[in-house]
Trainee: 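Quick one: this structure, given as structure tokens, is what I'll be asking you about.
Residue numbers start from 1 in every chain, and the chains themselves are labelled A, B, ... in the order their sequence lines are given, proteins ahead of strands.
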4 protein chains.
Amino acid sequence: MRRPRAGRAAPEERQEHILKAALEVFSEHGFAAARLDDVARRAGVAKGTLYLYFPDKETLFERMLQSVAAPALALLAHLAQDENVPPAAALSALLAFFEKEVLGTPREKVIRLIVSEGPRFPRLAKFYYDEVVSKGIAAIRSIAAREKQGAFDAEALSQFPQLIFAPLLMSVIWRSLFSQFEPLDVPALLAAHRTILLKSKGEHES
Amino acid sequence: MRRPRAGRAAPEERQEHILKAALEVFSEHGFAAARLDDVARRAGVAKGTLYLYFPDKETLFERMLQSVAAPALALLAHLAQDENVPPAAALSALLAFFEKEVLGTPREKVIRLIVSEGPRFPRLAKFYYDEVVSKGIAAIRSIAAREKQGAFDAEALSQFPQLIFAPLLMSVIWRSLFSQFEPLDVPALLAAHRTILLKSKGEHES
Amino acid sequence: MRRPRAGRAAPEERQEHILKAALEVFSEHGFAAARLDDVARRAGVAKGTLYLYFPDKETLFERMLQSVAAPALALLAHLAQDENVPPAAALSALLAFFEKEVLGTPREKVIRLIVSEGPRFPRLAKFYYDEVVSKGIAAIRSIAAREKQGAFDAEALSQFPQLIFAPLLMSVIWRSLFSQFEPLDVPALLAAHRTILLKSKGEHES
Amino acid sequence: MRRPRAGRAAPEERQEHILKAALEVFSEHGFAAARLDDVARRAGVAKGTLYLYFPDKETLFERMLQSVAAPALALLAHLAQDENVPPAAALSALLAFFEKEVLGTPREKVIRLIVSEGPRFPRLAKFYYDEVVSKGIAAIRSIAAREKQGAFDAEALSQFPQLIFAPLLMSVIWRSLFSQFEPLDVPALLAAHRTILLKSKGEHES
DNA sequence: TATGAATGAGCCTTCATTCAT
DNA sequence: GATGAATGAAGGCTCATTCAT
């Protein structure tokens, strides 16, 4: 059914091959230094073929990043929505999600690319803010709002959900820069992060 | 005083002009997309002049980053060395230092460039690990080692000093990506960070 | 016949056009001063096209010289191989070959370029020594070895076949340098050369 | 007396240093690829100093070549002028002169440079034709005119004095191109050349 | 006179994009 | 649709020449 001809992928598959190749190449070299020749070769298509699917390098770059982000949205969204999950557990679930679904996956590369190239791609930064970041922020706030037992400093975290994500971002960046000099045990770091957050009960001190 | 002649800067000044211009241009476009023409123009020198001071684009890039890093080292070092400062105060001092000496200064741009370009410049990553990061890590461990009163979770922070820095990194990156969509009150975020850290006393629970 | 479409030459043709243009431009300016822009323009291709056929200027230069040399080899080889031709006649044939197949042809320019640029292109000098010069030398020796009748000084020429070629080289160089001041009648010079060689019988005087 | 200040050469010496350095550098790289920086360094002067002695690169090149040629003229001239020397001896003297005064001396390099760069420097070619070549040609003709005894083919050599010089040129070029593959015993080659010339008596034998 | 830092035009090479097949 | 040869604008780097000292 699929593949009406041998050796020739269906259009959707080709698009996926291209996007996959693009992620690899852009990750390795950054946007400006990435060569579409490489993308085409790794995708197993001719260079001109890229232009049948994407109008230019910039658009390919943005679409590629969005294509990886999209599937993550559902996952992210439902973390906050299950009202029955206790906040502390939701927090743990978030860290576990990061550990399992981000670390060592294409999503980790995407985070690095957003961080690196975002400032030069305002449209991209906006997309990520709108579709991923603001939703993550809202999710944390929603979780924090449900926290009534003082398991953690709900006020601080509600005001600055970034503090939850900061060690995740740090992990991604450390791994890309310093792993070879000093490996980072990310699960242990996340555990320590969780410990600190849960110890910092809100009501005692201002 | 020396050579007040107009139109010709002293060699050290010219080098500084070039480094300053380089920081700006590389920050705006990233390494690969930066044009040395722009650097020269902003430095007020001819293109060829760049090559009197630096052998090539890559070296200019690395030297520029190192030139900003170098002065920071002294500051960083003495944060940890004053044994009379109570650990919690040292922590506060660190955050204050970041707020005052990094945010909105060239150092902030340098951090962004390290994060963005480091993976493609292993020598650079190594330099920053050796000269800045590992020293910062050691400084935190030294502070944590002096903590006897349980003002914060010395064990967790001693094991993962990265957790101290994570919100600083997050701040830098947020500002470069999302400030226009949602401004971040970094001093307040740092205060919340400090609050959480100080509340998370080590020995009691968990 | 094949692909009569206008405006687009067949790949082999384009390569030939490029090589032809390269010979002209390199001949006119020498390697270092030749501009690939000129080569491209004369070949009727875009500058980038050159790089589809040759990896860099140096390689284009060497390949161009080899492309002219290659066809000459066959001609050169068979001059010495026909055992039935009397040595004196072979000698005459050699001079006639030079007159007809070198003078005023691309091969003359190639000789000039080898002479001029060879010292800076050791690979090139080696190629010419291996493929052209040493074979020519061997050919002369083979001819001289067959000389039993004392038509010329077989011993001297066998030891120094260069003496046969020297006036040919002189002709090429004279034409490139001094023709405008004093034209050189090369056929007559070669005739005189032949006369001298044939008069210098070996056995008489030491 | 000379050198009014230590470490600072007299102007004429400096000029000589520059010319000497120029010969070396131009010989090694050819005109276009030679760098005046190198010339200055080898001459032990600053780059700007070159321009105090020569208006530009081209003029330096030409003057340098002329400076080496000039002293040769006297030598060349008197070879032909001594009417008492028998022609055959004059011929031998010419070859000996080449062997001793050209081979392995700066003059050899100059010949190579004339050959290589002459076509791009018409003024240079003219200078050499007028000052050196035409005089050498005339000298040979003058010698040949005195040959009455049939020691060599006076007619052929009178018509084409180039035939005398051809092996000399060949020697210079061979040494620059192929010596490393096949050394050339130039004195022996010149002896063979002389033998052939002297054997080729004019009108007697066909 | 001598210096050498500064200049900027020029050239090789790359690569995103186009287009004839 | 798919290909990949062709294009040509752009940029890093060099180096002859100038000029303030």
Trainee: Could you tell me the separation between the CG atom of Leu36(D) and the P atom of dT14(F), rounded to a whole number of Å?
Mentor: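 Rounding to the nearest Å, CG of Leu36(D) and P of dT14(F) are 16 Å apart.
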Trainee: Using 4.0 Å as the upper bound for N to carboxylate O, is an ion pair formed by Arg63(A) and Glu58(A)?
Mentor: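 So Glu58(A) does not pair with Arg63(A) through a salt bridge.
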Trainee: Give Ala34(A) one of three labels, base, sugar-phosphate or nothing, depending on what nucleic acid heavy atoms sit under 4.0 Å from its own.
Mentor: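 Sugar-phosphate contact only - Ala34(A) comes under 4.0 Å of backbone atoms but never of a base.
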Trainee: Are any of the side-chain heavy atoms of Glu62(A) and Phe127(A) separated by less than 4.5 Å?
Mentor: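 No, side chains not in contact.
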Trainee: For Arg14(D) and dA2(E), is the shortest distance between a side-chain N/O and OP1 or OP2 below 4.0 Å?
Mentor: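 Looking at the OP1 and OP2 atoms of dA2(E), one of them is under 4.0 Å from a side-chain N or O of Arg14(D).
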Trainee: Could you walk me through whether Arg42(B) and Glu28(B) pass salt bridge (Lys or Arg N to Asp or Glu O under 4.0 Å), step by step?
Mentor: CA-CA 13 Å; Arg42(B) 289 207 207 183; Glu28(B) 280 170 30; 2.8 Å; yes
Trainee: Under 3.5 Å for both distances, Watson-Crick or G-U wobble, that's the pair rule; now give the dot-bracket for DNA chain E, with | marking pairs to another strand and [ ] for crossing ones.
Mentor: .||||||||||||||||||||
Trainee: Among residues 19-31 of chain A, which residues get a heavy atom nearer than 4.0 Å to DNA chain F?
Mentor: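 None - not one residue of the stretch has a heavy atom sitting under 4.0 Å from the strand.
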Trainee: Between the side chains of Lys126(A) and Asp130(A), is the shortest nitrogen-to-carboxylate-oxygen separation below 4.0 Å, so that they form an ion pair?
Mentor: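 A salt bridge links Asp130(A) with Lys126(A).
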Trainee: Can you see if the side chain of Arg35(D) gets near the phosphate of dT17(F) - specifically, an N or O under 4.0 Å from OP1 or OP2?
Mentor: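 No, outside the criterion.
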Trainee: Using the rule given for side chain to side chain contact (heavy atoms under 4.5 Å, CB included), can you reason through Val45(C) versus Leu52(C), listing the C-alpha separation, both sets of side-chain angles and the distance that settles it, and then say yes or no?
Mentor: CA-CA 11 Å; Val45(C) 302; Leu52(C) 296 177; over 6 Å; no
Trainee: Could you give the distance from CZ (Arg120(D)) to OG (Ser176(C)), rounded to the nearest 0.5 Å?
Mentor: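 If I round to the nearest 0.5 Å, the distance is 9.0 Å.
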Trainee: Given atom CD of Glu13(D) and atom P of dT1(E), what is their separation to the nearest angstrom?
Mentor: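 Nearest whole value for this atom pair: 17 Å.
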Trainee: Could you go step by step and tell me if Glu16(C) and Lys20(C) meet the salt bridge (Lys or Arg N to Asp or Glu O under 4.0 Å) rule?
Mentor: CA-CA 6 Å; Glu16(C) 274 164 37; Lys20(C) 191 161 173 295; over 6 Å; no
Trainee: Please confirm whether the ring centroid of Phe61(D) lies under 6.0 Å from the ring centroid of Phe54(D).
Mentor: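 Centroid separation for Phe61(D) and Phe54(D): 6.0 Å or greater.
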Trainee: Does Lys57(D) use its side chain to pair, donor to acceptor, with the backbone of Ala34(D) at less than 3.5 Å?
Mentor: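 Flag set: sc Lys57(D) to bb Ala34(D) pair under 3.5 Å.
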Trainee: Once you round it to whole Å, what is the distance between P of dA5(E) and CD of Gln15(B)?
Mentor: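 Atom CD in Gln15(B) sits about 13 Å away from atom P in dA5(E).
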Trainee: Between Arg112(C) and Glu108(C) (salt bridge meaning N to carboxylate O under 4.0 Å), is one present in this structure?
Mentor: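 Glu108(C) and Arg112(C): not salt-bridged.
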Trainee: Output the residues of residues 42-64 of chain B in contact with DNA chain F, where contact means a heavy atom of the residue under 4.0 Å from an atom of the strand; sort by number or write none.
Mentor: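 When residues 42-64 of chain B is checked for heavy atoms under 4.0 Å from DNA chain F, the hits, listed by number, are Lys47(B), Tyr51(B), Asp56(B), Lys57(B).
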Trainee: Do the non-hydrogen side-chain atoms of Tyr129(A) and Leu177(B) ever get within less than 4.5 Å of each other?
Mentor: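 Contact flag for Tyr129(A)/Leu177(B) side chains = no.
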Trainee: Arg41(A) has an atom CZ; how far is it from atom P of dA16(E), in whole Å?
Mentor: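 From Arg41(A) CZ to dA16(E) P: 12 Å.
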Trainee: Rounded to whole Å, how long is the line connecting atom CG of Asp37(B) with atom C1' of dG12(F)?
Mentor: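 Interatomic distance, CG of Asp37(B) to C1' of dG12(F): 9 Å.
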